[in-house]
Amino acid sequence: MLIRPLLDILFPPLCHICKTFIPDAGDIHLCAGCREKLVPVDSPLCPVCGVSFATGSGIDHLCGACLSHSPSYTAARAAYAFGGPVQELVHRFKYGHKVHLCRPLALLTATHLAGFAAQAAADMVIPVPLHKKRLRWRGYNQAVLLGGVLAKEWRLPLVRRNLCRVRWTEPQVSLAAAERVQNVRGAFAVTDAASVAGRRVILVDDVFTTGSTVEECARTLKRAGAEAVFVVTAARAV
Ligand SMILES: [Zn+2]
Ligand SMILES: [Zn+2]
């Protein structure tokens with residue numbers, strides 16, 4: 001194949017983060033140095049909400065929050081701790097209109113959470129929806145783009161228009177944890193309950209912060225009859 005070497009001369013593959021040349025970039029385009037700075041979310045963690053425990057040793061166990069109140073979703077997992085190169089990728093992807101960065105983020109997530117996705121035995125991937133107004137401003141929904149790659153990698157259908165945002169909400173970023181719960185209460189609706197009834201859903205978002213948005217989405221899906229909701233995010237605030 002002559003095309004690849006020619007393309008590499010015309011468009012040398014560079015690391016998305018530090019812009020160094022990567023001779024064998026593959027699909028993800030992150031150099032070895034930047035990859036080393038990624039912090040995967042690994043055990044020991046809470047098997048429900050997926051929070052990882054700082055101890056770094058021991059077995060998975062329920063966290064205090066899940067013990068006192070179990071979420072509507074069955075389980076949530078994030079691929080990487082939100083910080084370093086992952087934070088930079090997410091910010092440029094979400095706020096900097098660098099739409100192409102959905103691919104490295106989603107491929108890293110697909111690989112790291114392949115076992116979780118397989119165990120979920122899901123019927124479909126549903127992205128966390130944006131309100132129409134915010135979609136107009138941003139031009140794209142980052143969760144739809146991530147979900148599209150994940151659905152393809154995991155060979156599941158991507159269902160985009162069933163779960164909708166029916167109420168405008170303030171950006172969660174500016175709010176405290178308790179306010180976030182109130183802010184998204186009743187913000188979502190399922191338009192076609194029959195197509196989620198009795199089904200297992202993988203719900204996709206970019207970052208899990210307090211979990212109030214995915215909790216409200218999961219609650220809405222469960223009320224529409226979904227059998228189980230599994231949350232997948234590229235990153236998790238630590
Ligand atoms: Zn790099
Ligand atoms: Zn938990």
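Note that the numbering runs from 1 along the sequence shown for the chain. Just follow the structure's listing: the first ligand is 1, and inside any ligand the first atom is 1.
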**Prompt:** With a 3.5 Å cut-off and no angle check, do the side chains of Q172 and S212 form a donor-acceptor pair?
**Reply:** yes

**Cation-pi geometry met for R165 and F188 (6.0 Å, 45°)** = no

**Message:** Please report, to 10°, the angle around the Zn ion (ligand 1) from atom SG (C15) across to atom SG (C31).
**Reply:** 120°

**Residues S195, N162; criterion side chain to side chain donor-acceptor pair (under 3.5 Å); working and verdict** = CA-CA 8 Å; S195 71; N162 200 358; 2.9 Å; yes

**Prompt:** Around the Zn ion (ligand 2), what protein N, O or S atoms are found below 2.8 Å?
**Reply:** C46 SG, C49 SG, C63 SG, C66 SG

**Asked** Aromatic ring centroids of H97 and Y140 under 6.0 Å?
**Response** yes

**Message:** When you measure from the Zn ion (ligand 1) to the N, O or S atoms of H16, does any of those distances fall below 2.8 Å?
**Reply:** no

**Parallel, tilted or perpendicular: ring planes of F230 versus F116, cut at 30 and 60 degrees** = perpendicular

**Message:** Check this for me: R223, atom CZ, are more than 12 non-hydrogen atoms of other residues, nucleotides or ligands nearer than 6.0 Å?
**Reply:** no

**Item:** Hydrophobic cluster identity match, V231 and V207, side-chain contacts under 4.5 Å
**Value:** no

